[in-house]
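Report on the following structure.
Counting starts at 1 for both ligands and their atoms, in listed order.
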Amino acid sequence: MQPIQIAIVPVTPFEQNCSILWCTKTMKGAVIDPGGDLDRIRAAIAETGATIEKILLTHGHVDHAAGAAELAESLGVKVEGPGAADQFIIDDIPRMAEKYGIEGARPVTPDLYLNEGDTVSVGEVALDVLHVPGHTPGHLVFVHRPVGLAIVGDTLFRGSVGRTDFPYGDPDLLIKGIKEKLLPLGDNMVCLPGHGPVTSIGDEKAHNPFLR
Ligand SMILES: [Zn+2]
């Protein structure tokens with residue numbers, strides 16, 4: 001059996017790929033980017049049989065982070081990530097939630113901000129933390145090298161990249177981060193983006209027009 005398994009739960013009107021990643025040996029897991037629709041996330045957790053021990057956030061946008069506070073409280077777990085530079089975006093969640101009609105959205109104060117080079121544990125499994133800014137300043141990517149899976153949030157999509165048309169967005173920085181940190185993960189690295197289908201580094205190197 002693989003050391004990790006993953007279940008994907010699309011949440012919020014943005015169909016954001018919340019994921020539940022668990023260590024198959026210990027059956028301890030993490031919820032990554034619980035943006036909302038907590039009933040759906042709780043049902044998916046129950047189906048996995050995993051015991052959630054933490055919440056991980058790739059970045060501070062409402063569709064990724066707005067359910068984290070409530071889920072963390074109800075499960076009695078801590079929130080790790082994103083980078084500290086995203087806190088001002090997290091603090092803006094109530095305003096964005098109202099704008100986009102997302103109910104139950106709350107800002108969160110992470111228990112731990114994460115940085116490039118950090119490692120987070122899920123059961124006995126380790127995920128490497130990469131800092132890939134540009135979509136947001138504190139955006140993180142979580143990488144499990146042994147299996148070859150990267151949770152890339154809103155950095156890289158199949159055939160596209162994350163939006164940078166925010167006042168704090170930086171398209172050059174995003175492309176630089178993808179080229180310098182994600183592409184070297186290798187062609188076989190499977191990427192789970194925050195929206196849309198799963199892809200791989202090899203496919204994006206070959207077909208993604210933003211990386212030419
Ligand atoms: Zn985003």
Side-chain angles (χ1 to χ4, degrees), residues 6 8-21 30-38 40-41 55-71 79-110 113-116 127 129-143 150-179 181-182 191-199 204 208 210-211:
I6 193 156
I8 300 169
V9 190
V11 296
T12 80
F14 295 97
E15 295 277 296
Q16 196 276 118
N17 290 325
C18 170
S19 55
I20 301 162
L21 182 153
V31 178
I32 305 173
D33 287 358
D37 295 324
L38 295 187
R40 211 182 296 169
I41 295 173
I55 291 169
L56 299 174
L57 298 177
T58 61
H59 66 295
H61 277 155
V62 60
D63 52 329
H64 293 254
E70 190 181 331
L71 190 63
V79 178
E80 300 182 6
D86 268 19
Q87 187 61 49
F88 78 99
I89 298 171
I90 295 174
D91 293 340
D92 199 37
I93 280 177
R95 196 175 66 86
M96 298 310 279
E98 193 172 339
K99 184 174 172 186
Y100 294 113
I102 299 175
E103 287 179 14
R106 280 172 52 189
V108 61
T109 305
Y113 295 119
L114 296 170
N115 300 296
E116 172 86 20
L127 305 178
V129 177
L130 304 179
H131 177 220
V132 185
H135 175 72
T136 67
H139 197 301
L140 306 177
V141 168
F142 300 107
V143 184
I151 313 291
V152 299
D154 290 354
T155 57
L156 181 65
F157 299 117
R158 185 192 275 184
S160 188
V161 297
R163 286 177 57 179
T164 52
D165 59 331
F166 308 110
Y168 48 80
D170 187 329
D172 295 341
L173 196 59
L174 177 62
I175 297 298
K176 183 175 187 288
I178 292 170
K179 287 185 172 172
K181 294 181 183 176
L182 300 189
C191 299
L192 172 59
H195 306 267
V198 170
T199 185
E204 295 317 306
N208 192 315
F210 292 90
L211 304 180

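- Annotation: side chain of P110 is in contact with side chain of I90 (closest heavy-atom distance under 4.5 Å).
- Closest approach between the Zn ion (ligand 1) and any N/O/S atom of H59 involves NE2.
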**OP:** Determine, stepwise, if the pair H139 / H61 fulfils ring pair (Phe, Tyr, Trp, His ring centres under 6.0 Å).
**Re:** CA-CA 10 Å; H139 197 301; H61 277 155; 8.3 Å; no
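- Closest N/O/S atom of D154 to the Zn ion (ligand 1): OD2.
- Within the 3.5 Å criterion, the main-chain N or O of H135 finds no donor-acceptor partner in the side chain of R163.
- Distances from the Zn ion (ligand 1) show that D63 has no N/O/S atom below 2.8 Å.
- For H135 atom NE2 and H61 atom ND1, the angle they make at the Zn ion (ligand 1) is roughly 90°, to 10 degrees.
- A 6.0 Å sphere centred on CD of E116 holds more than 12 heavy atoms belonging to other residues, nucleotides or ligands.
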